[in-house]
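First the proteins, then the strands, lettered A, B, ... as listed; each starts at 1.
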Protein chains: 2
Amino acid sequence: MGLAKTEIFSDEQNEIAGFAKVFGHPARVAILQHLFKINTCVCGDLVNEIGLAQPTISQHLKELKLLGLIKGSVEGTSVCYCINTEKWLEMKGILNQFLNQDIAQQGDCC
Amino acid sequence: MGLAKTEIFSDEQNEIAGFAKVFGHPARVAILQHLFKINTCVCGDLVNEIGLAQPTISQHLKELKLLGLIKGSVEGTSVCYCINTEKWLEMKGILNQFLNQDIAQQGDCC
DNA sequence: CATATTAATCGTAATATTGCAATGTTAAGA
DNA sequence: TCTTAACATTGCAATATTACGATTAATATG
């Protein structure tokens, strides 16, 4: 089917999956890393930085924007992208809660 | 194409994406949460716990096993699954490094 | 041995994702 | 206004993912 049965899972589970999915592709990881590294707005060099065609980068940016992880503001003919710190922290909190589940666990049992 | 151009990205980027991808589906999030909650081996009740068919669960378990996040040992006619703590911690470290990138960042610029 | 139980695998349908060429849009500069 | 630039959108081909029915494999149990 290719279609996830999201309705049988909790909002929390779907939220975790939603955020994680966006990192599930190396191009988006690379884009985010670059945005962090530059530390100031990037305007268009992502296409040169990463080795993918312009429409492909544009599409990945769109997905990141849809989740709210990045912001884009038009700057003349170019567009300036940067991390949305607030949303990033929110996501970090949610994912960390999931990743830190193990503290109570005392070891493997298999 | 549906095929990610992994060769143009660094090993680190591909590794982050690989781990994240596995959480990119709520069923796998649910499976992991349940394995943590039970805190002892779960053998087959995952199918009842989560509302998906047995082959579907089996497939998700396979992916989790492939990455090394869970271990399974045969226990009679059933199979006992549990978290692979060592691998989980390794993954946590890698993802945390990615999620914590923001510390140096001083705010949005758009 | 016959049968039931449990889980893996196979095959397949439906849908999603990835990537890009072609094209559209918008704003700057000549 | 015309042209160029920087992106976004559209449309499509190739591949991946998700889900499940049917089947298979392995082990208990009567």
Could you please name the option among [options] that lies closest to any side-chain atom of [X]?
| X | options | answer |
| --- | --- | --- |
| Lys5(A) | dA8(C), dT5(C), dC20(D) | dC20(D) |
| His25(B) | dC20(C), dC20(D), dA19(D) | dA19(D) |
| Val79(A) | dG11(D), dA19(D), dA8(D) | dA8(D) |
| Tyr81(B) | dA19(D), dG19(C), dA8(C) | dA8(C) |
| Ser58(A) | dG19(C), dC7(D), dC20(D) | dC7(D) |
| Lys21(B) | dT15(C), dC20(C), dA16(D) | dA16(D) |
| Pro55(A) | dC20(C), dT15(D), dA6(D) | dC20(C) |

base_contact_polar (dA8(C) base, Gln54(B) side chain, donor-acceptor, <3.5 Å): yes
Over 60° means perpendicular and under 30° means parallel, so classify the ring planes of His25(A) and Phe9(B), tilted if in between. perpendicular
Parallel under 30°, tilted from 30 to 60°, perpendicular over 60°: which one fits the rings of Phe23(A) and Trp88(A)? tilted
With respect to the phosphate group of dA27(C), does any side-chain polar atom (N or O) of Thr77(A) fall under 4.0 Å of OP1 or OP2? no
Is it the case that Gln33(A) and Gln101(B) place a side-chain donor and acceptor less than 3.5 Å from each other? no
With no hydrogens and no angle check, just 3.5 Å: does a side-chain donor-acceptor pair link Asn96(A) and Lys92(B)? no
Using a 4.0 Å heavy-atom cut-off, does Ile57(B) contact any base of the nucleic acid, only the sugar-phosphate backbone, or nothing at all? nothing
Checking all strands, does Lys65(B) fall into the base, sugar-phosphate, or nothing category for heavy-atom contacts under 4.0 angstrom? nothing
